[in-house]
Number of protein chains: 2
Amino acid sequence: MELNEAKNKYIQTWGSLATSWGINKTMAQVHALLLVSTKPLSAEDIMETLKISRGNVNMNVRALIDWGIVSKEFVVGERKEFFVADKDIWELFKQITKERKKREIEPVIKVLDELQKVDDSTEEGEQFKKVLGDLSFVTTKVNSMLENAIKADEHWLLSNFTKIMKK
Amino acid sequence: MELNEAKNKYIQTWGSLATSWGINKTMAQVHALLLVSTKPLSAEDIMETLKISRGNVNMNVRALIDWGIVSKEFVVGERKEFFVADKDIWELFKQITKERKKREIEPVIKVLDELQKVDDSTEEGEQFKKVLGDLSFVTTKVNSMLENAIKADEHWLLSNFTKIMKK
DNA sequence: TTTAACTTTCAATAATTACTGAAAATTAAA
DNA sequence: TTTAATTTTCAGTAATTATTGAAAGTTAAA
């Protein structure tokens, strides 16, 4: 397989993984593109490669910056902005996990705990409170599993792996 | 807050958590409803409570059965089918994790590993292969973290928690 | 069998989500 | 300053995803 063909397939694959986890496809593809680029890319570069509009590039690049996984970079002699993705994939995983915990898990735990305060001692009410308690417990458990994962420093493992592969 | 109000809020909250993780909202809501029900529910029951069509109920109940988190139950003297959700929330988490691993993570690892075979030794090509290797490594790592999570038997922890809460 | 209760399917449609492109806003060079 | 390059915004539209409802299919009671 030829390099550009492989790159395309990689960008497609990453986009559909994102979609199945509720992340915008284009956002993932822009990120995927920046990840494998050897140099910073401008909005134009991204527009051309992914064949998407300027507005779309702008929105998704902002979102990626907001997620903390892409940053602006200035290129000497150039007026326009360029973008780069942090190439450290373990860092990437940690960052995504951190954001999703904050955005999507923690608010739910809060609501579940709030709802448990309902005052009802019928069988139905007790059953309801038991399920809420269990859901909240498991959600909290998952949340702390993720917390541990992002705290553990696996950098050495990854850099080690890459070194071995280079041989 | 009154019980039905709390139930509604819970069903809504669970539905939107699902949406943000790429799972159909109604599917999550049907499941949420079955979870807090003290008795098996028929298609009609679900239609009425969630105000959705028969077709929609049918499709989503099938999907839940396919995911292994809901099952049919026969009620004596009734012709039609009834459904129940397994009330064990840790089991639920394990089952969902297992399915998503199989459906959405493992196929991606396979593609990434396949693409790494591309034969190209330009700087661009090497960079590409390095990123693919790292992505594959981290994805595999996450996959095995999840594997460990579902293997660990945390049942005692959950049942213990519930007991404490009942006091 | 026949009949009726019940379930499934899926084309049509609705709802949601994502994208475009051009106008407005911003930035910095002239 | 002016001017031109660049970025941002967002109303309109396109694409995708989810839902309905009625017809076809299935099952079991009569």
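Below, read A as the first sequence line, B as the second, and so on, with proteins coming before strands; counting in each chain starts at 1.
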Say whether B:Ile23 and A:Leu112 are linked into one hydrophobic cluster, either directly or through other cluster members, by side-chain heavy-atom distances under 4.5 angstrom.
no

Measure from CH2 on A:Trp21 to P on C:dT17 and round the result to the nearest Å.
19 Å

Spacing of A:Ile52 atom CD1 relative to D:dA14 atom P, expressed in whole Å:
18 Å

Can you see if the side chain of A:Asn24 gets near the phosphate of C:dC19 - specifically, an N or O under 4.0 Å from OP1 or OP2?
yes

Which listed nucleotide (C:dT20, D:dT17, D:dT20) is nearest to the side chain of A:Ser53?
C:dT20

For atom CE of A:Met59 and atom P of D:dA11, their distance in whole Å
11 Å

Go through the steps to decide whether B:Asp66 and B:Arg103 satisfy the test salt bridge (charged side-chain N to carboxylate O under 4.0 Å, His left out), and finish with yes or no.
CA-CA 12 Å; B:Asp66 190 44; B:Arg103 294 173 194 220; 3.6 Å; yes

Using atom CD of A:Glu44 as one end and atom P of C:dG21 as the other, report the distance to the nearest whole Å.
15 Å

Are more than 12 heavy atoms from other residues, nucleotides or ligands located less than 6.0 Å from atom NZ of B:Lys101?
yes

Euclidean distance, atom NZ of residue B:Lys51 to atom C1' of D:dG21 [Å, nearest integer]:
18 Å

For a side chain to side chain contact (heavy atoms under 4.5 Å, CB included) with A:Lys102, tell me which candidate from A:Lys98, A:Glu104, A:Glu99 qualifies.
A:Glu99

Distance, rounded to the nearest Å, where A:Asn60 contributes CG and C:dC19 contributes C1':
9 Å

Check this for me: does the side-chain of B:Arg79 come within 3.5 Å of the base of D:dT27 through a donor and an acceptor?
yes

Quick one about A:Asp45 and A:Ser42 (side-chain donor to acceptor, distance below 3.5 Å, no hydrogens or angles considered), yes or no?
yes

Would you tell me if any nitrogen or oxygen in the side chain of B:Asn56 comes within less than 4.0 Å of OP1 or OP2 on D:dT20?
yes

Any side-chain N or O of A:Arg62 less than 4.0 Å from the OP1 or OP2 oxygen of D:dT8?
yes

Measure from CZ on B:Arg54 to C1' on D:dA23 and round the result to the nearest Å.
14 Å

Between P on D:dA22 and CG on B:Asn58, what's the gap in Å once rounded to a whole number?
16 Å

Hey, which of these two, A:Thr19 or A:Glu81, hits DNA chain D nearer its 5' end, going by closest nucleotide?
A:Glu81

